Undergrad: 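Sharing a structure below in structure tokens format, with a few things to ask.
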Amino acid sequence: MDCAEECQNEDRAQAKSGTPDRVPVRSSPLPELTFTFIWARMTIRPILIHPDPRLKTVAAPVGEITEEIRTLAEDMLQTMYDAPGIGLAAPQIGRSIRLLVMDCVKEEGATPRPLVLVDPEITWSSEEAATYEEGCLSIPDQYADVTRPAEVEVTWTDLEGKPQTERFTGLWATCVQHEIDHLDGKLFIDYLKPLKRQMITRKMAKLKRERARA
Ligand code: K1U
Ligand code: ZN
């Protein structure tokens, strides 16, 4: 099954009731006095909760950037900001494709920096490691220290189909590695000791049962 087919199938499977959110987006770049608002369709997608086999699957390359991929990326950014989170990978919304979004600008009032990475690859990792307390939108309210390379170089394709390369440090480096792990079917709890991982998994299974009953 190619990516377009896979996306369509998932769309049907994930069809939500109600009208999608309609959000005014400033079309840019336009002169200040003439800026206009266009109506863009952006949908907040449900985020899968662990344990779910779709979070353990290696995602397929995206390849060609279609309008559908652009819409999906917009929806993922909207879903990430709404959660709120600093990253989101396509498998977390049930799409087994190598697409992720992130924005690690957390300071209030600072300019956001939404990034969309298609088919990202880590091409270099530092010897130096860094430990961050990680969370995951698919494992709500659970946090744990994870040690990863402090700096990574990543190449990807942007939404215009142009190749990009960037060296990430600090929280950006942690986040991009966490998100690429999602594309490889790996969760941050896979870095923890088995007992702690099992404890979190049981809590999440209980949470899912309770949510299903509500
Ligand atoms: O992939 C995800 O589940 C998103 C995750 C990303 C992440 C967090 C921490 C370290 C590495 C990767 C999140 O965004 S969890 C929520 C979160 O960290 C946060 C939420 C609001 C403000 C600031 C951070
Ligand atoms: Zn996560």
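Atoms within each ligand, like the ligands themselves, are counted from 1 in listed order. FYI, the numbering just counts along the sequence from 1. Basis for what follows: all heavy atoms, side chains included, without hydrogens, waters or symmetry-related copies. Keep in mind that what you see is a predicted model, and the values were worked out from it rather than measured.
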Undergrad: For Ala89 and ligand 1, answer yes if some heavy atom of the residue is under 4.0 Å from a ligand atom, otherwise no.
TA: no

Undergrad: What angle, to the nearest 10°, do the atoms NE2 (His178) and SG (Cys136) form about the Zn ion (ligand 2)?
TA: 120°

Undergrad: Please check if atom CD in Glu128 has more than 12 non-hydrogen atoms from other residues, nucleotides or ligands closer than 6.0 Å.
TA: no

Undergrad: When you look for heavy atoms under 4.0 Å from ligand 1, do you find them on the side chain of Lys106, its backbone, both, or neither?
TA: side chain

Undergrad: Can you tell whether the side chains of Asp184 and Lys186 come within less than 4.0 Å, N to carboxylate O?
TA: no

Undergrad: List the atom of Ile69, the atom of Glu64, and the distance in Å for their closest heavy-atom pair.
TA: CG1-O, 4.3 Å

Undergrad: Considering the heavy atoms of His182, write down every atom of ligand 1 situated less than 4.0 Å from one of them.
TA: 1 (O), 3 (O)

Undergrad: Is Leu171 in polar range of ligand 1, meaning some N or O pair under 3.5 Å apart?
TA: no

Undergrad: Determine whether the side chains of Thr155 and Thr165 contain a donor N or O and an acceptor N or O closer than 3.5 Å.
TA: no

Undergrad: Which atoms of ligand 1 have any heavy atom of Pro84 under 4.0 Å away?
TA: 16 (C), 20 (C), 21 (C)

Undergrad: Using a 4.0 Å cutoff against the non-hydrogen atoms of Cys136, which atoms of ligand 1 qualify?
TA: 3 (O), 15 (S)

Undergrad: Test side-chain contact (heavy atoms from CB on, under 4.5 Å) on Leu207 and Lys203 and set out the steps.
TA: CA-CA 6 Å; Leu207 175 76; Lys203 272 191 196 166; over 6 Å; no

Undergrad: Under 3.5 Å between some N or O of ligand 1 and some N or O of Glu179?
TA: yes

Undergrad: Is the closest N or O pair between His178 and ligand 1 shorter than 3.5 Å?
TA: yes

Undergrad: With a cut-off of 4.0 Å, which atoms of ligand 1 are near a heavy atom of Gln92?
TA: 1 (O), 2 (C), 3 (O)

Undergrad: Output the list of atoms in ligand 1 that are nearer than 4.0 Å to some heavy atom of Gly87, sorted by atom number.
TA: 1 (O), 2 (C), 4 (C), 14 (O)

Undergrad: Please report which non-hydrogen protein atom sits nearest to atom 3 (O) of ligand 1, along with the residue it belongs to and the distance in Å to one decimal place.
TA: Leu137 N, 2.7 Å

Undergrad: Parallel under 30°, tilted from 30 to 60°, perpendicular over 60°: which one fits the rings of Trp172 and Phe168?
TA: parallel

Undergrad: Examine Ile86 against ligand 1 and note whether any of their N/O atoms are separated by less than 3.5 Å.
TA: yes

Undergrad: Would you kindly specify which portion of Met80 sits under 4.0 Å from ligand 1, judged on non-hydrogen atoms: side chain, backbone, both or neither?
TA: neither

